[in-house]
Structures are given as structure tokens and as C-alpha cells.
*Asks:* 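Could you have a look at this structure, given as C-alpha cells, before my questions?
These numbers come from a predicted model, not from an experiment. Counting convention: from 1, in listed order, for ligands and their atoms alike.
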Amino acid sequence: PTKEYELLRRRIYFNTKEFWYYVSYELRLLAKTVEGIKPFTIRMKKNINEHYLSLLNDITKLATVDDHTRWRRKEYIYLRTLVQKRLRFLQNPEDCSKAKKLFCNLISDRRSCGYGCRLHHIVNCLVVAYATNRTLFLDNLHNWGFTSGGFSSLFFPLSNTCTSSLDKNETVLPWPGNESVQVVNLTLPIAVPDGSSRMRRPLLPPFDPLVLPEDLSHRIQVLHGEPSVWWIGQFVNYIIRPQLSTIDMFQGYEDNMAFQVPTVGVHIRRTDKIGLSHKLEEYMYYVEQYYKQQQMNGKDLFKTIYLATDDPTLFKEAYKKYPDYHIFGDPELSKTGSVATRELDKSIVNINIDLFFLSRCDYLVCTFSSHVCRLAYEIINGIKYADASTQFTSLDDMYHFSDQIRRLHVAILPHKSNRPQEMDLQVDDEIEVIGNEWNGYSKGTHLRTNKTLLYPTFKVIQKTEVMYFASYPDIKI
Ligand code: GDP
């Protein structure tokens with residue numbers, strides 16, 4: 001398929017969803033404000049939902065005609081192999097003592113940054129290392145405040161050749177250093193809450209993880225509906241290459257549970273994030289939608305979910321409220337999972353078991369405000385699907401990377417505001433995105449007027465930003 005075909009197909013898919021969010025929201029408002037209208041809106045909502053699922057289903061099938069699935073799979077394997085080969089090459093210089101390196105310290109305050117947050121921190125460092133062609137060196141990975149055995153007892157080390165500490169004779173300069181210095185020290189400042197409970201954005205190097213490398217950006221943008229997610233997924237999957245003993249452990253759980261796909265992964269974040277929490281029913285609504293869509297293809301599937309959470313009481317609630325579902329997952333895993341309980345050795349193992357299963361699911365329902373949920377989505381894109389950008393529902397945020405600098409939308413249709421909360425748009429206007437309101441509108445800051453207002457999401461497209469990165473010309477497939 002051509003780039004135009006793929007972009008258009010995905011645009012129709014995303015806008016069908018946006019249309020549904022818009023109509024559902026307006027119907028809810030109508031039912032609340034106009035007396036006696038509820039029976040009418042309920043009937044309408046039911047019919048609209050059927051129309052919606054049928055449309056989604058047809059567009060999903062459109063992706064598979066004319067052998068396009070095979071093309072996508074081939075392209076995905078090619079790009080994945082290339083990026084993984086480049087990372088292996090970068091991380092394993094023949095003579096470590098002569099190699100140019102990037103030194104990155106890791107956040108050690110576990111309370112402000114859990115497992116997902118820390119893993120994303122390493123991704124951030126590895127992206128900078130890749131972009132500048134410097135081997136990433138993490139000093140305290142083996143002693144990461146999570147397990148006595150360390151991160152490397154579960155995953156292969158980032159490097160097989162650069163294993164000892166930095167040599168005292170090596171010259172070190174702080175970021176950005178210069179071309180000739182042997183070690184650049186990228187000590188990322190720690191994000192701290194700024195009083196409004198959001199993390200203050202730390203100062204960042206110029207390689208925003210959402211930015212794509214120039215030499216691969218075209219192909220990744222044809223392949224994937226959220227190109228930055230595919231790109232970040234490659235880094236996550238390099239970092240968490242499981243040791244054989246880890247694979248054995250995952251396999252053991254898989255056999256014990258008799259885990260089977262297709263299934264929907266549900267990640268529910270509670271404990272210290274209770275203020276942001278959603279009811280189990282809200283998650284299950286989207287799980288039901290998934291199975292209804294499958295039914296349209298004549299697939300009367302046995303309904304299952306994989307439940308991952310940091311709140312073990314949710315399992316009882318799920319067994320009771322959803323007896324028609326088989327629920328994979330283990331409440332024991334969440335007992336030591338929360339930041340609050342601080343049983344560290346178990347916690348890193350448990351969260352990785354949950355992540356392993358979530359990333360094997362066919363669809364994900366979770367909250368992208370959680371690092372864990374975003375991590376599962378990134379991993380799915382790195383291993384299971386060529387493009388999983390249509391395989392999830394987030395109940396709150398849209399996808400973002402915690403250390404991202406910005407994410408842009410570009411207007412492709414003009415807009416005249418209908419109310420004071422909305423902005424006007426001219427074609428080609430750029431907006432720095434704050435979030436999707438899931439009612440047909442997004443919120444953002446218009447780059448020309450600097451005003452933060454709402455705009456209809458279907459009138460914009462995502463802008464993928466591109467920069468020149470090291471391009472590893474010697475690595476061939
Ligand atoms: P965030 O706080 O949700 O953005 O993500 P972090 O990864 O920074 O911190 C969440 C912590 O909660 C993790 O380190 C885990 O210990 C725990 N946690 C969250 N969700 C799960 C889950 O589904 N299973 C398990 N076992 N632990 C979880």
C-alpha cells in the first residue's frame with residue numbers, strides 16, 4: 001500500500017471513533033437536559049453503537065485486503081530487525097575502553113518514580129545514546145533499588161562488552177559535551193511534583209523520545225498509526241530482553257494459568273493513584289465492545305480478560321460481577337506490586353509478569369496516565385503487532401511519553417469556533433496538544449495565538465517530528 005492509502009485508512013478509523021465519542025457525549029448531555037427524552041436517547045445510543053462497531057469492523061478488514069497484512073508484517077520485521085541490530089552494535093563496541101560513551105544516572109527515589117517510570121527513564125537515555133552514536137553506560141543498573149539480584153537477574157545486560165565501571169582516565173564532560181570527548185554525562189534532573197500534583201518537567205536534552213530519526217521516519221510513518229510508539233517500543237524491547245530463566249518463569253505462569261488468546265488485557269491502577277481511579281465497569285464496557293465487534297465477524301469467542309492491577313481486591317469484584325468471563329491473572333501478583341507496600345524483590349518480578357501477559361493480549365483497556373499501561377502498549381507494538389494503534393482504549397490520557405517535550409497537531413480543515421472555549425483554525429495551523437477530551441474535542445495551545453482552547457479532533461492530524469540521528473550505515477540486514 002502507498003503512504004497515502006495507509007494514512008487515509010487510519011484517519012478514517014480514528015475519526016470514526018472521534019465521531020462516536022462526540023455523538024455519545026452529546027446524547028448523554030441531551031438526556032440530562034431535556035426531560036422525557038431518555039427512552040429516545042437510549043434507543044438511539046444502542047443503534048448508533050451497532051452502526052459504529054460495524055463501521056470499525058469494516059475499516060479493520062480494509063487493512064487486510066490485497067495481501068496488505070503480509071506486506072505490513074514483512075516491513076515490520078525488517079524495521080524491527082534493523083533497529084535491534086543497530087542497538088546491539090551500539091551497545092557492544094569491540095574495545096570498550098576506546099568507545100565513545102554516554103553516561104546516564106538513574107533516578108533512585110522510588111517513591112516519586114515506580115518501575116514503569118524508571119524503565120522510561122532508561123529509554124530516554126538510550127534514545128540519546130542512539131542519536132549521538134555513544135554506548136549507553138548506566139552505573140547503578142545492577143543495584144536499581146528494586147531487587148537484590150538487580151535488573152540484570154531478569155534481563156540481559158545492556159552491554160556484553162562494556163561491563164566494568166568507567167575508567168578514571170576517561171575524559172568526561174557534561175551534556176552536550178563535544179564530538180571528541182570520550183564520555184558525555186547526561187545526568188537527567190529528577191522530576192518533582194510541582195504542587196499541582198503533576199510532575200514538573202525536567203530539563204531535557206534535545207532528543208525528544210517522540211521525535212523520529214530522519215533515515216527511518218518515512219517507513220515508520222507508513223507502517224504505524226502512532227509512529228513514536230513503535231519507535232519507543234523498540235527501545236523498551238531492547239532493554240527488557242529476558243534471560244532464559246525469566247522466559248522459563250513466564251512459561252511456568254502461562255502453563256499454570258492455561259493462558260489463551262484472544263483475550264483483552266485490563267490494567268487497573270489504584271492504591272496511591274486512587275484519586276484518578278475509574279470503576280471496574282468503565283473498563284469492562286470497552287471489553288464488551290471488543291467482543292461485540294468480534295461477534296460481527298461470526299466469532300462467538302469465549303470471553304476472557306487478563307486482569308493486572310496493584311489492588312488485589314479487584315479480582316473478587318471482577319469474579320462476582322462478571323461470571324460470564326474467564327479471568328486470567330493472579331491477585332497474589334498485585335499484593336506486593338504497589339509502591340506503598342515496598343516489598344521490592346517481589347515487586348519487580350510481579351510487575352514484569354503482569355507486563356508480560358498484558359503485552360500478549362489482543363486488546364488493551366487501561367489508563368494512559370499510568371506508566372505501566374503505556375509500557376504494556378509500547379511492548380505490544382514492539383513484539384506482537386506491526387501496528388497496535390487501533391488495539392487499545394485509554395480511559396484518561398492520550399498516549400504520551402513522560403519525558404516528551406511536545407506533541408503537535410496540524411489543522412487540515414479550517415474551523416470557526418462555536419463557543420468561547422473553542423479556537424479558530426486555519427489549515428496548517430499547529431497546536432501543542434494537551435489532551436483528548438473524548439467528546440470529539442481535544443485541548444491544546446495554538447502556537448500562533450498562544451491560547452489554550454478546544455478544537456474538533458477530526459480537523460487535525462498528528463505531526464510527527466523528525467531529526468537527524470546517527471544512521472549506522474555499516475549495519476546491513
Ligand atoms: P504509575 O505510577 O502507574 O505511572 O507507574 P509506575 O511504574 O511509576 O509505578 C507504579 C508501581 O505500581 C509499579 O512500580 C508497580 O510496583 C505497581 N503496579 C502498578 N500496576 C501494577 C500491576 O498491574 N501489577 C503489579 N504487580 N504491580 C503494579
*Asks:* Considering Ile348, Ile351, Leu358, Leu375 one by one, which has a heavy atom nearer to atom 28 (C) of ligand 1 than any of the others?
*Replies:*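 Closest candidate by heavy-atom distance is Ile351.
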*Asks:* In terms of ring plane angle, is the pair His371 and His120 parallel, tilted or perpendicular, where the classes change at 30° and 60°?
*Replies:*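 Judged by the thresholds at 30° and 60°, the geometry between His371 and His120 is tilted.
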*Asks:* Is the charged tip of Arg11 near the ring of Phe14: under 6.0 Å from the six-membered ring centre and within 45° of its axis?
*Replies:*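 Because its charged atom misses either the 6.0 Å distance or the 45° angle limit, Arg11 does not stack over Phe14.
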*Asks:* Any ion pair linking Glu317 and Lys321 (charged N to carboxylate O, less than 4.0 Å)?
*Replies:*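 Yes, this pair counts.
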*Asks:* Any salt bridge between Glu465 and Arg406, counting N to O under 4.0 Å?
*Replies:*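 Judged by the 4.0 Å cut-off on N to carboxylate O distance, Glu465 and Arg406 do form a salt bridge.
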*Asks:* For Asp354, counting its heavy atoms only, list the atoms of ligand 1 lying under 4.0 Å from any of them.
*Replies:*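 Close to Asp354: 22 (C), 23 (O), 24 (N), 25 (C), 26 (N).
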*Asks:* With sequence neighbours excluded, what pairs up with Ile239 under the side-chain contact (heavy atoms from CB on, under 4.5 Å) test?
*Replies:*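 Expected list: Leu119, Ile122, Val123, Leu126, Phe151, Leu158.
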*Asks:* Just which atoms of ligand 1 are under 4.0 Å from any heavy atom in Cys117?
*Replies:*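 Within the 4.0 Å cut-off of Cys117, ligand 1 contributes 7 (O), 8 (O).
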*Asks:* List ligand 1 atoms under 4.0 Å from Ser370, heavy atoms only on the residue side.
*Replies:*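 With Ser370 as reference, the close atoms of ligand 1 come out as 1 (P), 3 (O), 4 (O).
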*Asks:* Would you say Asp310 and ligand 1 have an N/O pair spaced under 3.5 Å apart?
*Replies:*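 Checking ligand 1 against Asp310, no N or O pair falls under 3.5 Å apart.
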*Asks:* Taking only heavy atoms of Asn350 into account, list the atoms of ligand 1 that are under 4.0 Å away from them.
*Replies:*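 Counting from 1, the qualifying ligand atoms are 26 (N).
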*Asks:* Are the side chain of Thr263 and the backbone N or O of Thr304 linked by a donor-acceptor pair below 3.5 Å?
*Replies:*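 Yes: the side chain of Thr263 pairs with the backbone of Thr304.
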*Asks:* For ligand 1, which part of Thr309 has a heavy atom less than 4.0 Å away: the side chain, the backbone, both, or neither?
*Replies:*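 Backbone only.
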*Asks:* Taking only Lys NZ, Arg NE, NH1 and NH2, and the carboxylate oxygens of Asp or Glu, determine whether Arg360 and Glu254 approach each other closer than 4.0 Å.
*Replies:*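 Answer for the salt bridge query: no.
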*Asks:* Is Arg118 touching ligand 1 with its side chain, its backbone, both, or neither, if touching means heavy atoms under 4.0 Å apart?
*Replies:*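 Answer for Arg118: neither.
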*Asks:* Which of the numbered atoms in ligand 1 are below 4.0 angstrom from a heavy atom of Leu333?
*Replies:*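 In order of number, 26 (N).
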*Asks:* In terms of atom number and element, which parts of ligand 1 are under 4.0 angstrom from non-hydrogen atoms of Ala308?
*Replies:*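 Taking each heavy atom of Ala308 in turn, ligand 1 has 23 (O) under 4.0 Å.
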*Asks:* Tell me which part of Arg269 gets within contact of ligand 1: side chain, backbone, both or neither, using heavy atoms under 4.0 Å.
*Replies:*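 Contact part for Arg269 vs ligand 1: side chain (C-beta onward).
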*Asks:* Just going by heavy-atom distances, which of Arg374, Arg270, His371, His267 is nearest to atom 20 (N) of ligand 1?
*Replies:*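 Selected option, by shortest heavy-atom distance: His267.
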*Asks:* Do NZ/NE/NH1/NH2 and the carboxylate oxygens of Arg10 and Asp387 come within less than 4.0 Å?
*Replies:*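 A salt bridge links Arg10 with Asp387.
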